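The structure appears right after this line, and notes come after that.
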Amino acid sequence: MTAIRSVVLGCGSYLPQKVLTNAELATRVDTSDEWIVQRTGIRQRHIAAEDEFTSHLAIHAANAALAHAGIDAQSIDLIVLATSTPDNTFPATAVTVQSGLGIVRGAAFDLQAVCSGFVFALATADNFLRAGAFKRALVIGAETFSRILDWTDRGTCVLFGDGAGAVVLEAQKQPGKPSDRGILTTHLRSDGRHRSKLYVDGGPSSTQTVGYLRMEGREVFKHAVGMITDVIVDAFNASGTSADDIDWFVPHQANKRIIDASAHKLHIAPEKVVLTVDRHGNTSAASIPLALSVAVADGRIKRGDLILLEAMGGGFTWGSVLLRW
Ligand code: ACO
């Protein structure tokens, strides 16, 4: 019995040049390096230049992923771009990326699930590829959260950063076994009752403004670990795997304390956890592909490794992806 699987051909990322350290932030708002590191693990974040948009970051990351995969942009027939900070309300940033890559066929669209965006985008592309609708997909997470931060609110502005990451997926026939390469299982959830705990206070339909990010940090923290671990247990149950089988845990990089607590609860060994939140901050939908790119580039993630991804974010939305590299 064979199965069509979405196999990762390559990944890539891009970070804006400007680095904003905690010390520099402490000159703008009443905070300190010590407070930020202790509560979040974040030491610095990258900030896009004024003329650098989400699509620019995404195109850099996409080109890096295509080069890493060793394939031509023309062979891509699907682009799913996860972002909460599009260049414009419409058209989708994905079509700007499509045109920037010189692609004139297939489909390109944005997907909005805030920090869970990349996990939702991977699951979406995987379903299209396994259904035979498309053959090769670029799945991108790209954000310029610096544009929607209230830089006078120390409770939120210290947490986020800008960046982009991308993976190339290809539909491939695999033996249909747990040892298959590619995406093995995906699990997505949402619960809109929590929508006012992490939101942006503006939008085209409600205020005709872009708005700023607002968050009840403690409430988010309270729900995060339970939601994350639930959806990972779903992935273990669906695939007949356990924490011991995982080679690398690549979580959404929101906060080191949330990541540590989730890994601890699931009995995932600390040395299997890929952490980039210290250098990147929370880049929302971009954080997982950014972390994947780091761990691939430094030689940790290798072909055949079993990788567990998870994310939780505004909505609330949350989800997991289990894949073999
Ligand atoms: N610097 C110094 N002091 C601060 C700062 C800051 N940057 N921000 C808040 N404080 C103060 C508060 O004003 C408060 O002071 P008070 O006691 O005098 O009123 C005190 O620190 C404690 O504030 P809390 O908000 O209760 O601090 P908490 O320990 O909960 O830490 C944090 C805040 C880091 C935001 C935490 O709640 C958290 O990590 N929440 C998860 C949120 C998150 O990661 N969101 C990312 C988006 S969602 C996602 O991606 C999963």
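Since we're looking at a predicted model, the values are computed, not measured.
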Shortest non-hydrogen pair, Pro16 vs Leu57, comes out as CG-CD2, 4.3 Å
Which atom of Thr207 lies closest to which atom of Gly202, heavy atoms considered | OG1-CA, 3.2 Å
Non-neighbouring partners of Asp298 that pass side-chain hydrogen bond (donor to acceptor under 3.5 Å, both in side chains), sequence neighbours left out | Arg300
Do other residues, nucleotides or ligands put more than 12 heavy atoms under 6.0 Å from Phe109 CZ?
-> yes
Atom CD1 in Ile183, atom CG in Leu169: separation rounded to 0.5 Å?
-> 5.0 Å
Any donor-acceptor pair under 3.5 Å linking the side chain of Arg45 with the backbone of Leu20?
-> yes
Quick check: are there more than 12 heavy atoms from other residues, nucleotides or ligands sitting under 6.0 Å from CD of Glu50?
-> no
Please check if the side chain of Thr21 supplies one atom and the backbone of Gln44 the other of a donor-acceptor pair under 3.5 Å.
-> no
Can you tell me how far CG of Asp72 sits from CG of Leu101, rounded to the nearest 0.5 angstrom?
-> 10.0 Å
Under 3.5 Å, side chain of Ser13 to main-chain N/O of Gly165, donor-acceptor pair present?
-> no
Verdict with supporting geometry, Asn22 and Ser32, side chain to side chain contact (heavy atoms under 4.5 Å, CB included) = CA-CA 7 Å; Asn22 290 349; Ser32 65; over 6 Å; no
Work out which heavy atom in Asp110 is nearest to a heavy atom in Ala94; give both atom names and the distance.
-> OD1-N, 2.8 Å
Do Leu308 and Trp248 pass the side chain to side chain contact (heavy atoms under 4.5 Å, CB included) test, and can you show the C-alpha distance, the side-chain angles, and the key distance before you say yes or no?
-> CA-CA 6 Å; Leu308 177 63; Trp248 297 106; over 6 Å; no
Just say parallel, tilted or perpendicular for the rings of His46 and His280, cut-offs at 30° and 60°.
-> perpendicular
Group every Ile, Leu, Val, Met, Phe, Trp and Tyr by side-chain heavy-atom contacts under 4.5 Å, then state whether Val294 and Leu309 land in the same group.
-> no
Taking 4.0 angstrom as the limit, do Lys222 and Glu216 come out as a salt bridge?
-> no
Which heavy-atom pair separates Ala82 from Ala285 by the least distance, and what is that distance?
-> O-CB, 3.6 Å
Using a 4.5 Å cut-off on heavy atoms from C-beta on, say whether the side chain of Cys157 contacts that of Leu25.
-> yes
Does CZ belonging to Arg105 count more than 12 external heavy atoms closer than 6.0 Å?
-> yes
Does Arg43 CZ have over 12 foreign heavy atoms under 6.0 Å away?
-> no
Heavy-atom side-chain contact between Phe160 and Leu149 under 4.5 Å = yes
Please test Arg324 against Ile307 for side chain to side chain contact (heavy atoms under 4.5 Å, CB included), starting from the C-alpha separation and ending with a verdict.
-> CA-CA 6 Å; Arg324 194 173 301 282; Ile307 316 281; over 6 Å; no
Interatomic spacing from CD1 in Ile228 to CD in Glu310 - rounded to 0.5 Å = 4.0 Å
Which distance, rounded to the nearest 0.5 Å, do you find between the CD1 of Ile59 and the CG of Leu138?
-> 11.0 Å
Report, as yes or no, whether the 6.0 Å neighbourhood of atom NZ on Lys173 holds more than 12 heavy atoms from other residues, nucleotides or ligands.
-> no
Verify the distance criterion only: is there a donor paired with an acceptor across the side chains of Ser146 and Thr144 at less than 3.5 Å?
-> no
Side-chain donor/acceptor of His223 to backbone N/O of Glu219, under 3.5 Å = yes
Any chance NZ of Lys256 has more than 12 other-residue heavy atoms, nucleotides or ligands included, within less than 6.0 Å?
-> no
Donor-acceptor contact below 3.5 Å, side chain Ser55 vs main chain Thr96 | no
Give a yes or no on whether Val273 and Val225 share a hydrophobic cluster (residues Ile, Leu, Val, Met, Phe, Trp, Tyr; joining criterion: side-chain heavy atoms under 4.5 Å apart).
-> yes
For Met215, does its backbone N or O pair with a side-chain atom of Lys197 as donor and acceptor, under 3.5 Å?
-> no
Is the closest side-chain heavy-atom distance between Val277 and Leu275 below 4.5 Å?
-> yes
Any residue meeting side-chain hydrogen bond (donor to acceptor under 3.5 Å, both in side chains) with Thr31, in chain and number order, not counting sequence neighbours | none
What class does the angle between the rings of His60 and Tyr14 fall in, given that below 30° is parallel, 30 to 60° is tilted and above 60° is perpendicular?
-> parallel
May I ask you to decide if Asn127's main-chain N or O and Arg130's side chain share a donor-acceptor pair within less than 3.5 Å?
-> no
Any side-chain heavy atom of Val167 sitting closer than 4.5 Å to one from Leu122?
-> yes
Would you mind reporting whether Phe221 and Arg257 have side-chain heavy atoms less than 4.5 Å apart?
-> yes
Are Phe145 and Leu159 in one and the same hydrophobic cluster, where Ile, Leu, Val, Met, Phe, Trp and Tyr link if side-chain heavy atoms are under 4.5 Å apart?
-> yes
Do the non-hydrogen side-chain atoms of Lys272 and Val250 ever get within less than 4.5 Å of each other?
-> no
Taking the side chain as C-beta and beyond, is there a heavy-atom pair between Met312 and Phe316 under 4.5 Å?
-> yes
Under 3.5 Å, is there a donor-acceptor pair between the Asp153 and Thr156 side chains?
-> yes
If two hydrophobic side chains count as joined below 4.5 Å and joins carry through other members, does Ile288 share a cluster with Phe249?
-> no
For the pair Ile246 and Leu322, evaluate side chain to side chain contact (heavy atoms under 4.5 Å, CB included) and give the outcome as yes or no after the intermediate values.
-> CA-CA 9 Å; Ile246 301 302; Leu322 186 72; 3.6 Å; yes
Spell out, yes or no, whether Phe134 and Phe120 are grouped together once hydrophobic residues are joined by side-chain heavy atoms under 4.5 Å, including indirect joins.
-> yes
Check whether any side-chain N or O of Glu143 sits under 3.5 Å from a backbone N or O of Gly163 as a donor-acceptor pair, and report yes or no.
-> no
Residues pairing under side chain to side chain donor-acceptor pair (under 3.5 Å) where one sits in residues 224-233, two or more places apart or in two chains, turn out to be Thr229-Lys265
Sub-4.5 Å side-chain heavy-atom contact between Val168 and Val8 | no
Verify whether one side chain among Arg136 and Ser75 offers a donor that lies under 3.5 Å from an acceptor in the other.
-> yes
When you check the side-chain N and O atoms of His187 and Thr185, is any donor under 3.5 Å from an acceptor?
-> yes
Inspect the contact between Arg5 and Asp180 and indicate whether a charged nitrogen and a carboxylate oxygen are less than 4.0 angstrom apart.
-> yes
Say you draw a straight line from CD1 of Ile47 to CD of Glu24; how long is it, rounded to the nearest 0.5 Å?
-> 9.0 Å
Might you point out which heavy atoms bring Ala49 and Arg147 nearest each other, and give the distance in Å?
-> O-NH2, 2.7 Å
Output for pair (Ser284 OG, Leu213 CG), nearest 0.5 Å, gives 8.5 Å
Decide yes or no on side-chain hydrogen bond (donor to acceptor under 3.5 Å, both in side chains) for Asp305 and Trp325, but give the supporting numbers first.
-> CA-CA 5 Å; Asp305 283 353; Trp325 201 256; over 6 Å; no
Please confirm whether the backbone N or O of Asp162 pairs with a side-chain atom of Thr283, one donor and one acceptor, at under 3.5 Å?
-> no
With distance as the sole test, does Gln253 use its side chain to make a donor-acceptor pair with the main-chain N or O of Pro251 at under 3.5 Å?
-> yes
Should the pair Arg214-Asp201 be classified as a salt bridge under the 4.0 Å nitrogen-to-oxygen rule?
-> yes
